[in-house]
Trainee: 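This structure is in structure tokens; I'll ask about it shortly.
Bear in mind that the values here come from a model prediction, so they are computed numbers and not experimental data.
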Amino acid sequence: MTRLKCIAIDDEPFALEMLADDIGQVDFLELVATFSNPLSSVELLSEGMIDLIFLDIQMPTLTGIQFLKNLQKPPMVIFITAYQQYALEGYELNIIDYLLKPVPFQRFLKACEKAQELFLLRQKDIVTPPEAAQNFFFVFSEYKQIKLFFDTILYIEGMKDYVKIYTTQQTRPILTRLNLKAIEAKLPVSQFCRVHQSFIVALDKITAFQKSKIQISQTQIPVGSRFLSQFEEQYRKPN
């Protein structure tokens with residue numbers, strides 16, 4: 001069994017001790033370290049070996065939300081706090097779960113199982129190259145894993161650390177916390193092309209194009225000059 005390497009951060013010694021005890025009862029978790037100050041964990045997190053953080057919110061040096069916002073590439077996070085008013089802001093940061101103290105062990109275990117499920121899905125994405133994979137992939141959005149079929153995607157718009165995925169299945173785009181480069185790696189190159197710093201398009205959904213823009217249904221998408229030659233080569237390539 002693959003064990004998730006985790007750390008616990010809480011400024012209250014008793015709460016940290018209780019949390020460490022709960023973690024020790026979950027066979028797929030490995031507690032690497034505990035911290036009473038979130039800043040003390042930065043060096044360990046920078047090594048990229050931690051899969052999950054159990055994080056308190058109200059702490060004197062830095063709140064858990066501030067700390068999470070400042071992490072460049074945060075691992076999965078479960079908030080454990082005595083304050084329910086930060087739940088919405090927490091979920092907007094794509095946390096796995098939001099637990100209110102005191103946490104019943106069954107509720108704690110359920111949150112851990114959600115983290116394990118997401119971890120295993122991500123591992124599968126890493127192991128399986130897009131071209132050899134099935135005709136779909138998963139993204140995490142609105143607190144759940146959403147299954148997306150390649151042939152339903154119209155285009156994807158990048159917004160810093162988030163992307164909007166426009167599909168034929170729904171009027172509103174799917175918003176997920178990935179950058180454009182990360183989601184591009186999930187897509188088969190035979191079906192998709194990066195045409196701009198902020199856009200990836202599905203080649204078979206293009207209805208018209210000029211050198212400076214592409215049309216997909218009623219939407220016009222700009223073509224960046226440095227992406228033009230690659231786009232023209234892929235678009236004209238026979239299937």
Trainee: Going only through I, L, V, M, F, W and Y residues with side-chain contacts under 4.5 Å, is there a path from Ile95 to Phe140?
Mentor: no
Trainee: Tell me whether the count of non-hydrogen atoms from other residues, nucleotides or ligands lying under 6.0 Å of CD in Gln85 goes above 12.
Mentor: yes
Trainee: Would you name the heavy atoms of Leu19 and Phe108 that are closest together and state the gap between them?
Mentor: CD1-CE1, 3.7 Å
Trainee: Run the side-chain hydrogen bond (donor to acceptor under 3.5 Å, both in side chains) test against Gln25 and tell me which residues pass, sequence neighbours left out.
Mentor: Asp21
Trainee: Please identify which of these residues, Leu121, Leu148, Val163, meets the side chain to side chain contact (heavy atoms under 4.5 Å, CB included) condition with Val139.
Mentor: Leu148
Trainee: Give a yes or no on whether Leu100 and Met18 share a hydrophobic cluster (residues Ile, Leu, Val, Met, Phe, Trp, Tyr; joining criterion: side-chain heavy atoms under 4.5 Å apart).
Mentor: no
Trainee: Between Arg3 and Leu29, what is the shortest heavy-atom contact and its length?
Mentor: NH2-O, 2.8 Å
Trainee: For residues 41-57, which side-chain donor-acceptor pairs fall under 3.5 Å, sequence neighbours excluded?
Mentor:
{"unit_1": "Ser41", "atom_1": "OG", "unit_2": "Pro38", "atom_2": "O", "d": "2.6"}
{"unit_1": "Ser46", "atom_1": "OG", "unit_2": "Glu43", "atom_2": "O", "d": "2.5"}
{"unit_1": "Asp51", "atom_1": "OD2", "unit_2": "Lys5", "atom_2": "N", "d": "2.8"}

Trainee: Kindly say whether Lys114 contributes a backbone atom to a donor-acceptor pair with the side chain of Glu117 at under 3.5 angstrom?
Mentor: no
Trainee: For Cys112 versus Ile78, what's the shortest heavy-atom pair and its separation?
Mentor: N-CD1, 4.2 Å
Trainee: Which residue pairs pass the side chain to side chain donor-acceptor pair (under 3.5 Å) test when at least one of the two sits in residues 98-110, sequence neighbours left out?
Mentor: Asp10-Lys101, Asp97-Arg107
Trainee: Minimum heavy-atom separation for Gly64 and Met59, please, with both atom names.
Mentor: N-CE, 3.9 Å
Trainee: Is there a path of hydrophobic side-chain contacts, each under 4.5 Å between heavy atoms, that joins Met159 and Tyr155?
Mentor: no
Trainee: Quick one: are Phe79 and Ile96 in side-chain contact, heavy atoms under 4.5 Å?
Mentor: no
Trainee: Looking at Phe28, is its backbone amide N or carbonyl O close enough to the side chain of Gln116 to form a donor-acceptor pair, meaning the two atoms are under 3.5 Å apart?
Mentor: no
Trainee: Could you tell me whether a side-chain N or O of Gln170 sits under 3.5 Å from a main-chain N or O of Arg172, the two making a donor and an acceptor?
Mentor: yes
Trainee: Please find out if less than 6.0 Å separates the ring center of Phe137 from that of Phe150.
Mentor: yes
Trainee: Given 3.5 Å as the limit, does a donor-acceptor pair link the side chain of Gln58 with the main chain of Tyr83, or not?
Mentor: no
Trainee: Can you list, pair by pair, the side-chain donor-acceptor contacts under 3.5 Å of residues 214-226, counting residues two or more places apart and other chains?
Mentor:
{"unit_1": "Gln215", "atom_1": "NE2", "unit_2": "Ser217", "atom_2": "O", "d": "3.0"}
{"unit_1": "Arg226", "atom_1": "NH2", "unit_2": "Gln197", "atom_2": "OE1", "d": "2.4"}

Trainee: Where does the angle between the aromatic ring planes of Phe231 and Tyr235 fall among parallel (under 30°), tilted (30 to 60°) and perpendicular (over 60°)?
Mentor: parallel
Trainee: Can you list the other members of the hydrophobic cluster that holds Tyr162, where links are side-chain heavy atoms under 4.5 angstrom apart?
Mentor: Leu175
Trainee: Quick check: is Val32 connected to Phe67 through a chain of hydrophobic side chains (ILVMFWY, heavy atoms under 4.5 Å apart)?
Mentor: yes
Trainee: Indicate whether the side chain of Glu142 and that of Tyr91 have a donor and an acceptor atom separated by less than 3.5 Å.
Mentor: no
Trainee: Shortest non-hydrogen contact from Asp11 to Pro60?
Mentor: OD2-CD, 3.3 Å
Trainee: With distance as the sole test, does Arg194 use its side chain to make a donor-acceptor pair with the main-chain N or O of Ile200 at under 3.5 Å?
Mentor: no
Trainee: Is Tyr166 linked to Leu203 within one hydrophobic cluster, defined over Ile, Leu, Val, Met, Phe, Trp and Tyr using a side-chain heavy-atom separation of less than 4.5 Å?
Mentor: yes
Trainee: Can you list everything that forms a salt bridge (charged side-chain N to carboxylate O under 4.0 Å, His left out) with Glu89? Sequence neighbours excluded, please.
Mentor: Lys69
